[in-house]
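Below: the structure, in structure tokens.
Numbered from 1 within each chain, the chains take letters A, B, ... in sequence-line order.
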There are 2 protein chains.
Amino acid sequence: MSPSDAARAALNRELVLRAAMTLAGESGIESLSMRKLGQSLGVEAMSLYHHVANKDDLLDGMVDAVFAEVDLPAAGVGWKTAMRRRALSMREVLSRHGWAIGLMDSRTTPGQATLRHHDAVIGCLRAGGFSVGLTAHAFSAMDSYVYGFVLQERALPFGTAEQTAEVAQAMLAQFPAGAYPHLVELATAHVLQPGYDYGDEFEFGLDLVLDGLERAAARES
Amino acid sequence: MSPSDAARAALNRELVLRAAMTLAGESGIESLSMRKLGQSLGVEAMSLYHHVANKDDLLDGMVDAVFAEVDLPAAGVGWKTAMRRRALSMREVLSRHGWAIGLMDSRTTPGQATLRHHDAVIGCLRAGGFSVGLTAHAFSAMDSYVYGFVLQERALPFGTAEQTAEVAQAMLAQFPAGAYPHLVELATAHVLQPGYDYGDEFEFGLDLVLDGLERAAARES
DNA sequence: GGTACAGCCTTACACCGTAAGGACCCCGAC
DNA sequence: GTCGGGGTCCTTACGGTGTAAGGCTGTACC
């Protein structure tokens, strides 16, 4: 068995998924094609179909692999702390794999890691005394907020806090005079001030949701 | 000028956008191609490029057209009522044009209707006494929640409440025995009960956010 | 009457996902 | 030892995609 054979034998679903995630991170999900993915693995496109049913299956696997990276809610710290940490972890992972959020709207068959994660979240809330109904409310509210935040963060026309200034200023310069006065005020008086980072908005909204859930839970018992 | 000429002369950017939105609604955004869009307008694909710079511009226009359908926050009703109504309208519009939320993550150049909408929201909050900083917090929190909810709603493997039962039951049946116990409990004891509709979760989370903002605003003044 | 241009067209290219089927190699059965 | 089966990878091919390049025609204005 030659080294190149060994390299070939090593190819499997997980390696394909990992390479796809790397490629998506480097060049963007929209330029991820079976041919390029094969190329990055030293293999023809059609060979990938031995490890993945089709491209949709590949994308499903990528999303599930992202969920697998998210910390499960910790035990023994109270539901609020556990949920807060989990939300921060989820947001960090989704931001790191920015392509994932755009995939979620077309993926309707959750993978094992996704199911395991959801199960752990629900279990944590139930253990924290939430009724089944309130658990459903809480689950929906928290995840909606986290996904939506990442989506909005991604849709911003800039990545780092440093880029914000120039991009925003270029945009403002193109507005007709007097247009969107409140937007302009918010941008100039706040967003363009040194040190502003949209990412910092995450925890404010998260605590809004968590505090609200805490009150709802107290009202329930 | 013959009638067919008149029909041709009528083709413009807005008509192209409208046809694209109809097509996306009928057949899904992933099957929307320039050729099919041209066909639906009785025109060759390349002719569309006189009304739209490229496909990205088309998608930008579609998203902006969706924002144009959302009610602007009403004046004279207090920020909380206005924001609540706006959120309900946004969710209704985004659910109606289900393809839009998937487009948002790849669109970084907001259109006029989008900017006008955001400006009105910011103006409403400022008029309600929010500081610039709290306005940024509120804006981020509310929109994150709404977008995220629609995204999650879309990712569910069923559309109507009626479909829920059969799809969920088919899924549960495939789980290994004893797997995901909390998920199974939530599904059987709550989601699969008659009358459950995931869409009803929207207002609970929305009020969580709005009530939290009200407290934050009170704390500020 | 000439000319510019708007609107639509045809042709062509490089890319995409994947169906169909063939070559090779390892592994277990005889 | 050899024979067959199956896993892995390959080549080829088809029908789709977005869009660059350029041609044709009719209308609008100098």
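The separation between Ile29(B) atom CD1 and dT17(D) atom P is 14 Å, rounded to whole Å. Taking atom CG on Asn12(B) and atom C1' on dA6(C), their separation rounds to 14 Å, with Å as the unit. Following rounding to the nearest Å, Leu37(B) (CG) and dC8(C) (P) show an atom-to-atom distance of 13 Å. Atom C1' of nucleotide dC14(D) and atom CE of Met34(A) are separated by 17 Å, given to the nearest angstrom. If you measure from atom CG of Leu11(B) to atom C1' of dG26(D), you get 17 Å, rounded to the nearest angstrom. For the pair His50(B) NE2 and dG23(D) C1', the interatomic distance rounds to 11 Å; values are reported in whole Å. The distance between atom NE2 of His51(A) and atom C1' of dG6(D), rounded to the nearest whole Å, is 14 Å. Taking atom CD of Gln39(A) as the reference point, atom P of dC9(D) lies 16 Å away to the nearest angstrom.
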Review point. Which is it for His137(B) and Phe130(B) under the ring-ring contact (aromatic ring centres under 6.0 Å, His included) test, yes or no, and what are the steps along the way?
Key: CA-CA 10 Å; His137(B) 287 339; Phe130(B) 283 54; over 10 Å; no
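Ring orientation note: the planes of His117(B) and Phe67(B) are nearly perpendicular, at an angle over 60° on the 30°/60° scale.
Side-chain atoms of Arg35(B) and base atoms of dG18(D) include a donor and an acceptor less than 3.5 Å apart.
If you check the side chains of Ser106(B) and Glu30(A), you find no donor sitting under 3.5 Å from an acceptor. Side-chain contact annotation: Tyr196(B) with Glu201(B), donor-acceptor N/O pair under 3.5 Å present.
The shortest distance between the side-chain N/O atoms of Ser33(A) and the OP1/OP2 oxygens of dC16(C) is below 4.0 Å.
Among the nucleotides dC8(C), dT11(D), dT10(C), the one closest to the side chain of Ser47(B) is dC8(C). In the set dG17(C), dA21(D), dT12(D), dG17(C) carries the atom at the smallest distance from any side-chain atom of Tyr49(A).
Within 4.0 Å (heavy atoms only), Leu48(B) reaches no atom of the nucleic acid at all. Residue Leu32(B) is classed as a sugar-phosphate contact, given heavy-atom separations below 4.0 Å to backbone atoms only.
For CD of Gln112(A), the number of neighbouring non-hydrogen atoms (other residues, nucleotides, ligands) closer than 6.0 Å is 12 at most.
Remark on DNA chain D: of its neighbouring residues Asp56(B) and Ala45(A), the 5'-side contact belongs to Ala45(A), judged by nearest-heavy-atom nucleotide. Between Lys36(A) and Glu44(B), the residue anchored closer to the 5' end of DNA chain C is Glu44(B), taking for each the nucleotide with the nearest heavy atom.
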